Amino acid sequence: MKEEVILHILSEKENLYRKENIGKYIEIIEDKIFIKDGFDRAIATVFELVIEKQINPWEIDLAAFSSLYLKKVKEKGINLIVAGKILFLAWKILRLQSEEMIKEMERKEEEEIYFDDIPDWYGDDELFLQTQRIMKDEIVLKPKIRRKAKRKVTLVELINAFEEAKEEIVKKRAKKRKIISPVKMEDSTHKENIEDDIKRVMEKLSKLNGRAVPLKELFDEKDIIAIILPLLFLAKDGVIEIWQENFPYGEIFIKLKHEG
Amino acid sequence: MKAERIIEAVLFAASRPLSIEEIAEAVGMEKKVVKKAIEKLKNFYEESAIEISEANGKYVMEVKAEYAEYAKKFAPVELKKSLIKTLSLIAYHQPIKQSDLKKLLGSNVYEHVRELKKKGFINTRKEGRTKLITTTQYFYDYFGIDKKDKEAIKNLMEKSGKN
Amino acid sequence: MKAERIIEAVLFAASRPLSIEEIAEAVGMEKKVVKKAIEKLKNFYEESAIEISEANGKYVMEVKAEYAEYAKKFAPVELKKSLIKTLSLIAYHQPIKQSDLKKLLGSNVYEHVRELKKKGFINTRKEGRTKLITTTQYFYDYFGIDKKDKEAIKNLMEKSGKN
């Protein structure tokens with residue numbers, strides 16, 4: 001698939017806005033190999049090219065892409081991470097498209113509305129004459145001639161720049177982490193209680209002699225949220241079994257596996 | 001080291017208008033001393049092709065108008081001819097509506113306004129469905145026009161017309 | 001108009017070294033005349049903070065070394081800040097993969113690498129699917145660093161980070 005896209009770009013190179021960017025496109029495509037599915041990768045690549053401003057966003061028919069993608073999901077199932085990335089890219093394109101549309105509308109609005117409105121200076125002889133003279137380049141502002149010498153960067157400036165660059169990178173990373181951190185915080189606050197909760201669950205289950213019981217018989221509704229995590233731990237460790245009779249609203253049962 | 005020589009080096013290197021305060025602070029001199037030194041420099045450059053001119057309380061070293069024609073070939077072009085025309089119209093008529101400017105310039109106006117704004121020569125603010133355009137302080141500094149002198153823009157354009 | 005004044009305006013505006021031929025052609029004078037005019041100018045600037053110096057047959061107007069310290073504060077730097085930052089990251093981490101640099105800088109990396117390469121500060125060579133970036137001899141010359149002191153610079157950068 002990767003080769004196909006590269007070949008496509010190479011064959012289309014005459015139509016590219018900047019031919020010298022070919023190397024860059026290929027690099028972008030090669031970056032995409034982490035998406036294993038060829039179909040997904042092709043879509044992601046096209047979308048990225050739009051976002052990198054190599055393809056006009058209006059040349060992308062998002063509706064056609066989404067029905068194509070839906071069809072594929074129905075047939076072959078979905079990889080949530082990849083789908084998320086593609087959705088994010090599509091959203092970015094949609095935004096590019098709407099930005100273009102707003103600009104276009106602003107232009108049209110002004111062009112249409114002020115046609116009959118005559119500027120004040122048409123009524124003033126001198127202003128009118130001067131305006132005509134400017135239009136004919138007879139009188140214009142004359143830029144001053146000054147030096148524009150630039151100096152070299154000093155070593156200290158290089159070191160300062162390094163300093164600033166590092167800070168910016170740290171900030172950027174912290175910002176990324178912040179988006180995820182609320183979940184993590186919750187994790188850590190529960191972590192202290194988790195062992196207590198596990199103990200509580202085990203005490204109750206051990207009284208049942210291996211009998212399966214509905215979850216809601218064992219715990220109050222308000223407790224269930226708190227013990228879900230310990231239950232998952234226990235299930236993962238193979239200490240208990242959890243199942244649901246009828247998905248999605250059926251009863252959830254738990255049972256202590258036979259020890260030893 | 002004489003004060004005027006230090007200030008000469010500063011003005012030469014800066015290539016933009018500097019206020020007395022800026023200079024005084026950077027070189028660690030009193031404003032009074034800076035002012036006096038600039039007067040001496042002005043004298044020194046009297047017979048030269050270069051001058052130290054003042055506008056809006058700022059000083060800048062530049063080529064005298066009569067030598068501009070020769071120097072122009074070597075000076076970096078900051079404003080294309082078409083942009084200068086647009087800027088001249090704005091300066092002359094300001095505040096001017098973008099829609100009125102469009103009647104003179106056609107649809108180029110959007111691109112020109114955007115570019116002039118990016119370069120810092122003009123400001124725009126919304127006015128009804130259009131924009132109202134005015135020149136900035138940077139504009140006055142760049143062209144060496146005193147902001148208080150309403151006629152200065154016209155005069156400057158007239159002078160250039162005669163060349 | 002005196003020949004030396006015209007040439008003064010040209011040298012001032014050019015802000016880069018010019019050959020006698022270039023000047024002669026631009027102002028329409030004979031080379032001999034240009035040369036003589038430059039000698040006169042040199043005399044004029046003797047007592048000034050500015051000088052007309054010659055290197056490799058080219059002439060440039062610049063601040064005398066003893067005044068450079070004052071001038072430096074006002075002269076604009078020839079590289080954009082964002083490019084200096086990228087260059088500093090390359091200098092510290094070199095040899096660095098373009099793909100790793102991209103993780104630090106985002107998609108600006110392509111433009112920055114192209115520009116720094118064009119200016120001669122860095123070299124790239126293919127390494128698998130990405131490029132490996134290192135600084136050039138020109139980089140060391142430009143910053144006045146002995147290539148052998150490479151580690152010293154890294155240490156300096158590291159230390160600056162701890163402050």
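Proteins get letters first, then strands, A, B, ... in listed order; numbering begins at 1 in each. None of the values given here were measured: they were computed from a predicted structure.
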Inset, instruction - Measure B:Y142 against the heavy atoms of chain A and call it side chain, backbone, both or neither at under 4.5 Å. - result: both
Inset, instruction - Check each atom of B:F12 against the heavy atoms of chain A and say whether the ones under 4.5 Å are side chain, backbone, both or neither. - result: both
Legend entry - Top contributor to chain A interface from B:K72, B:E62, B:M61, B:K81 [non-hydrogen pairs under 4.5 Å]: B:E62
Inset, instruction - Mind listing the closest non-hydrogen atom pair of B:K42 and B:Y59 along with its distance? - result: NZ-CE2, 4.2 Å
Inset, instruction - Please list, chain by chain and in numerical order, all residues satisfying salt bridge (charged side-chain N to carboxylate O under 4.0 Å, His left out) with B:E111, sequence neighbours excluded. - result: none
Inset, instruction - Mark yes or no for whether B:D141, through its side chain, and B:N56, through its backbone, hold a donor-acceptor pair below 3.5 Å. - result: no
Inset, instruction - Name all residues meeting the salt bridge (charged side-chain N to carboxylate O under 4.0 Å, His left out) criterion together with B:E46; count only those two or more places apart in sequence or in a different chain, and write none if there are none. - result: none
Inset, instruction - Could you tell me which portion of B:Y70 (side chain, backbone, both or neither) has an atom closer than 4.5 angstrom to a non-hydrogen atom of chain A? - result: neither
Inset, instruction - Residue by residue, scan residues 14-36 of chain B and write down, ordered by number, those that have a heavy-atom distance under 4.5 Å to chain A; if none do, write 'none'. - result: B:S15, B:P17
Legend entry - Side-chain donor/acceptor of B:T124 to backbone N/O of B:I133, under 3.5 Å: no
Inset, instruction - Ignoring hydrogens and angles, tell me if any N or O in the side chain of B:K85 forms a donor-acceptor pair with the backbone of A:V140 under 3.5 Å. - result: no
Inset, instruction - Select one option (side chain, backbone, both, neither) describing which atoms of B:A91 are under 4.5 Å from chain A's heavy atoms. - result: side chain
Inset, instruction - Would you list the pairs meeting salt bridge (charged side-chain N to carboxylate O under 4.0 Å, His left out) in which at least one residue belongs to residues 148-161 of chain A, sequence neighbours left out? - result: A:K148-B:E78, A:R151-A:E157
Legend entry - Heavy-atom side-chain proximity of B:F143 to A:K142 below 4.5 angstrom: no
